[in-house]
Number of protein chains: 2
Amino acid sequence: MSEAGTGGESLLFLTDEQLRKGIEAMFFAYRGFTADPDRILAELGYGRAHHRAVHFINRRPGLTVNALLSVLGVTKQSLNRVLRTLIVDGLVESRVGTQDRRERHLHLTERGAELERRLSEAQRARMRAAYRAAGPQAVAGFRHVLEAMMDEEIRAQYLALRDAQT
Amino acid sequence: MSEAGTGGESLLFLTDEQLRKGIEAMFFAYRGFTADPDRILAELGYGRAHHRAVHFINRRPGLTVNALLSVLGVTKQSLNRVLRTLIVDGLVESRVGTQDRRERHLHLTERGAELERRLSEAQRARMRAAYRAAGPQAVAGFRHVLEAMMDEEIRAQYLALRDAQT
DNA sequence: ATTTTATGTCAGTCTTGTTGACTTTCCAAG
DNA sequence: CTTGGAAAGTCAACAAGACTGACATAAAAT
């Protein structure tokens with residue numbers, strides 16, 4: 001890891017001014033990060049909450065409502081409103097569990113998958129451009145810092161999700 | 001660092017899977033990023049909007065309402081509600097401009113500056129920990145990618161703000 | 001004198017979050 | 001087999017914080 005080799009620089013990086021710049025960069029970058037999907041969602045009368053639900057259902061097909069709840073970090077009442085519109089609109093399918101029939105397993109329908117692709121492609125295009133502009137080494141650093149910034153529990157969830165993928 | 005160093009890898013980094021992981025990292029990291037200030041704000045009956053206003057007023061003392069509006073990317077009605085509570089509560093001072101008396105120049109009061117320090121210190125503590133854990137090289141990469149992810153106009157604002165500081 | 005700009009304010013809407021109360025379903029332990 | 005409790009869904013009420021649109025005021029610019 002880099003911290004081992006370049007010990008002397010660490011102190012310079014940790015001035016309050018450097019940290020404040022990082023905070024601002026995070027704020028502005030997040031705005032860019034959500035800007036493109038937001039435009040698509042607005043067309044369709046959806047919001048960011050719909051995007052997040054669709055994203056994670058696509059990511060973990062068949063996950064339960066409870067699991068989605070804990071990934072998103074919202075209450076079931078809040079999620080339910082969003083989920084209901086997605087189900088009514090035919091983008092998400094809620095299947096009763098086979099072993100435990102109290103559980104509802106969530107899947108995207110073909111139309112839901114289409115929306116997911118559209119949203120994701122917009123977001124990935126920006127990410128791809130940023131990655132290209134910054135270079136592979138910067139990308140590795142970017143991911144490192146982001147992972148270190150997460151809450152402990154969230155990081156565990158993230159790593160599990162990350163490693164479960166291809 | 002494990003993945004960096006060799007130029008030929010660039011293509012590998014730009015698989016959809018890598019991009020999706022970056023998207024998720026961004027989502028979860030932003031949650032961590034706002035978690036600590038959110039707790040402090042909740043105690044005081046404020047929200048994220050108050051934090052953002054206080055942050056940028058501290059950053060650019062004497063900036064006008066219009067300038068703050070454009071930095072925050074919200075409408076004046078939305079900002080006004082937040083700003084009014086901060087002024088009434090004695091955290092922000094609104095001074096009539098000297099050259100142009102239509103303008104209101106915004107400053108933090110001593111109490112406002114105290115809150116700013118408290119919020120900022122919480123956020124910087126997390127940032128500092130993340131920076132330490134990831135190392136200086138990762139930090140540089142982090143900032144690179146974030147800057148490349150911003151909208152053009154926003155990036156210009158950010159760079160102006162960044163370079164105006166010590 | 002008129003227009004434009006900067007700001008503030010009122011009213012109403014929307015999304016997305018919250019709590020609390022209650023029901024239905026159904027697994028599992030007594 | 002009965003009952004306790006977990007999972008899920010629903011209804012209601014509420015709040016923050018975003019939006020639009022309309023309008024008011026003061027001051028600068030033309």
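Just so it is clear: chains get the letters A, B, ... in the order the sequence lines come, proteins before strands, and each one is counted from 1. No experiment lies behind these values; they were computed from the predicted model shown.
With a 4.5 Å cut-off on side-chain heavy atoms, A:Glu147 and A:Arg162 count as touching. Side-chain contact between A:Leu115 and A:Leu44: present, with at least one pair of heavy atoms (C-beta onward) separated by less than 4.5 Å.
As a whole-Å value, the separation of A:Leu69 CG from C:dT19 C1' is 15 Å. The distance between atom CZ of B:Arg101 and atom P of D:dA29, rounded to the nearest whole Å, is 12 Å. One can place CG of B:Leu86 at 13 Å from P of D:dA16, the figure rounded to the nearest angstrom. In this structure, the CD1 atom of B:Ile87 is 9 Å from the P atom of C:dT9, given to the nearest Å. What separates CG of A:Leu41 from C1' of D:dA18 is a distance of 15 Å, to the nearest Å. Put simply, CG on A:Leu79 is 11 Å from C1' on C:dT16, counting in whole angstrom units. Distance CG (A:Asp38) to C1' (D:dC19): 13 Å, rounded to an integer number of Å. At whole-Å resolution of the value, CD in A:Glu103 and P in D:dG5 are 20 Å apart.
Closest approach to the B:Lys76 side chain among D:dA8, C:dT7, C:dC27 is made by C:dT7 (side chain taken as heavy atoms from C-beta onward). Across C:dT16, D:dC11, D:dA28, the shortest atom-to-atom separation from the side chain of A:Ser78 is found for C:dT16. When distances are taken from the side chain of B:Asn80 to each of C:dG17, C:dG8, C:dT7, the shortest belongs to C:dG8. When each of D:dT10, C:dC26, D:dG21 is scored by its nearest atom to the side-chain atoms of B:Gln77, the top-ranked nucleotide is D:dG21.
A donor N or O paired with an acceptor N or O is found under 3.5 Å between the base of D:dA18 and the side-chain atoms of B:Arg81. Residue B:Arg102 places a side-chain atom within donor-acceptor reach of the base of C:dT5, judged by atom type and a 3.5 Å distance cut-off alone.
For B:Arg84 and C:dT9, the shortest distance from a side-chain N or O to OP1 or OP2 is below 4.0 Å. Distances shorter than 4.0 Å separate some side-chain N or O of A:Asn66 from OP1 or OP2 on D:dA8. Considering only side-chain N and O atoms, B:Thr75 lies under 4.0 angstrom from the phosphate OP1 or OP2 of D:dC19.
A donor and an acceptor atom, one from each side chain of A:Glu24 and B:His55, are located under 3.5 Å apart.
A:Asp36 has no carboxylate O lying under 4.0 Å from a charged side-chain N of A:Arg118, or vice versa, which leaves the two without a salt bridge. A salt bridge is absent between B:Arg111 and B:Glu114; no separation between the charged side-chain nitrogens and carboxylate oxygens falls under 4.0 Å. Taking the charged nitrogens against the carboxylate oxygens, A:Glu116 and A:Arg59 have no contact shorter than 4.0 Å, which rules out a salt bridge. A salt bridge links A:Asp16 to B:Arg128: at least one charged side-chain nitrogen sits closer than 4.0 Å to a carboxylate oxygen. Electrostatic pairing of A:Arg31 and B:Asp151 does not count as a salt bridge here, judged by no charged N lying under 4.0 Å from a carboxylate O.
In terms of position on DNA chain C, the residue among A:Val82 and B:Ser94 whose nearest nucleotide sits closer to the 5' end is B:Ser94.
Within residues 44-54 of chain B, the residues that place at least one heavy atom under 4.0 Å from DNA chain D are, in residue-number order, B:Gly47, B:Arg48, B:Ala49, B:His50, B:Arg52.
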